[in-house]
Every structure is written in structure tokens, then in C-alpha cells.
Amino acid sequence: MALACPPAASTQPTLPSGPAVFKTFPYVFILPEIFCGAWVWILVAATSVSFPLLQGWVMYVSVSSCLISLLLLLSYLFGFHKNSENWKALDNLYHSATAILYMSAAVLQANATIRSEFERSLPSYQLNSAASFFAFITTFLYILHAFSIYYK
């Protein structure tokens, strides 16, 4: 009687598809990234935009990141990745680059908030403060997502 070796573990990545995206770590961060990024977008758009160069970059990063993250979420939901290793690398590259871009946007938004403090417009200052808060939270979510891919 010959002993059979157990089947080798699959080296194929197991990327989530369908509703499992909302339960699988680190992909569970995609929806909060979109939500918090949308708040940055909304809050900056609601201000008087006194510093167009600073807040223009914040708007560009938040809008483009929201849209690309939404497309990434939809691709996971509909299973376009077909369990390919390239999707894991793409996901990591996207979230790493976006974390860097969002960090720059969060710092610029914080600068705009500090400058708006002296304009004597309390609602504008409060909106800028909230946008700065959500920008840093969104940055943290993108960093978590980028690094947690390595620990999966």
C-alpha cells in the first residue's frame, strides 16, 4: 500500500468576488475609502475655495481616487479579476500610490485650513477642518489597505 502525498496547496491567489469583497480583509477597506474620499470632495466643494491651487489638488486627488476605487470595487464585485496574481499587484500598486497622493492632498488641505482660520469666516474654517480630518482618515485607510495586502 503506497502512501499518497496530500494535494499541494494551491499557489493561486484567492481574490474575493461578489459580496465576499465586503467580508474579506483588506478589501473591506474599499468602501470606507470611497465614503471618506467622497466626504473630502463634498466638504472642499462646499467651502469658498480661497486657495484654488491647494484645494484644486485636493479635489483632483479625492475625485479621481473615488472614481478609480469605485471601478476597482465594481471589478471585484463582478469578478473581472478572474483570480489573477496581476490583480493583487495592481491593487497594491494603486493603493500605495494613492496613499502617497492622498497624504500630499491632506497636508495641503490642512494648510488651507490653517490659512482659512484668519479669514473671519467660521463656516469656511469648519468645513476646511472637516475636510482635513477626512483627508487624513482616507490617507490612513489607503495605507492600511496597501500594507495589509502583504500580511494576507
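Worth knowing before you read on, the calculation uses all heavy atoms, side chains too, and leaves out hydrogens, waters and symmetry mates.
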State yes or no: do [X] and [Y] share one hydrophobic cluster built from I, L, V, M, F, W and Y residues joined by side-chain heavy-atom distances below 4.5 Å, directly or via other members?
X   : Y    : answer
Y76 : L93  : no
I42 : I34  : yes
W41 : L71  : no
V44 : M103 : no
L53 : Y102 : no

* Within-4.5 Å side-chain heavy-atom neighbours: I143 and H95 ->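 Not touching, per the 4.5 Å side-chain cut-off.
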Measure across [X] and [Y] and return the closest heavy-atom pair with its distance rounded to 0.1 Å.
X    : Y    : value
C36  : I137 : SG-CG2, 3.9 Å
N128 : Q55  : OD1-NE2, 2.8 Å
T138 : G37  : OG1-N, 3.5 Å
V40  : A135 : CG2-N, 3.3 Å

Partner set under side-chain contact (heavy atoms from CB on, under 4.5 Å) for [X], not counting sequence neighbours:
X    : result
S129 : T113, Y125
Y94  : S65, I68, S69, L72, T98, Y142
A110 : S132, F136
L43  : W39, L127, A130, A131, F134

* Spacing of CD1 belonging to I114 relative to CD belonging to Q109, to within rounding of 0.5 Å ->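 One gets 10.5 Å once the value is rounded to the nearest 0.5 Å.
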* Give, for atom SG of C66 and atom CG of L73, the distance between the pair rounded to the nearest 0.5 Å. =>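 Nearest 0.5 Å value for the SG-CG distance: 12.0 Å.
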Result block: side-chain N/O donor-acceptor pairs under 3.5 angstrom for residues 56-63, not counting sequence neighbours:
unit_1, atom_1, unit_2, atom_2, d
W57, NE1, S104, OG, 3.0
S62, OG, V58, O, 3.0
S62, OG, M59, O, 3.1

* Might you work through the side chain to side chain donor-acceptor pair (under 3.5 Å) test for N92 and H145, ending with a clear yes or no? => CA-CA 8 Å; N92 187 19; H145 190 126; over 6 Å; no
* **Connected hydrophobic set around I100, excluding itself, where side chains approach under 4.5 Å** =>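 Hydrophobic cluster check, I100: no partners found.
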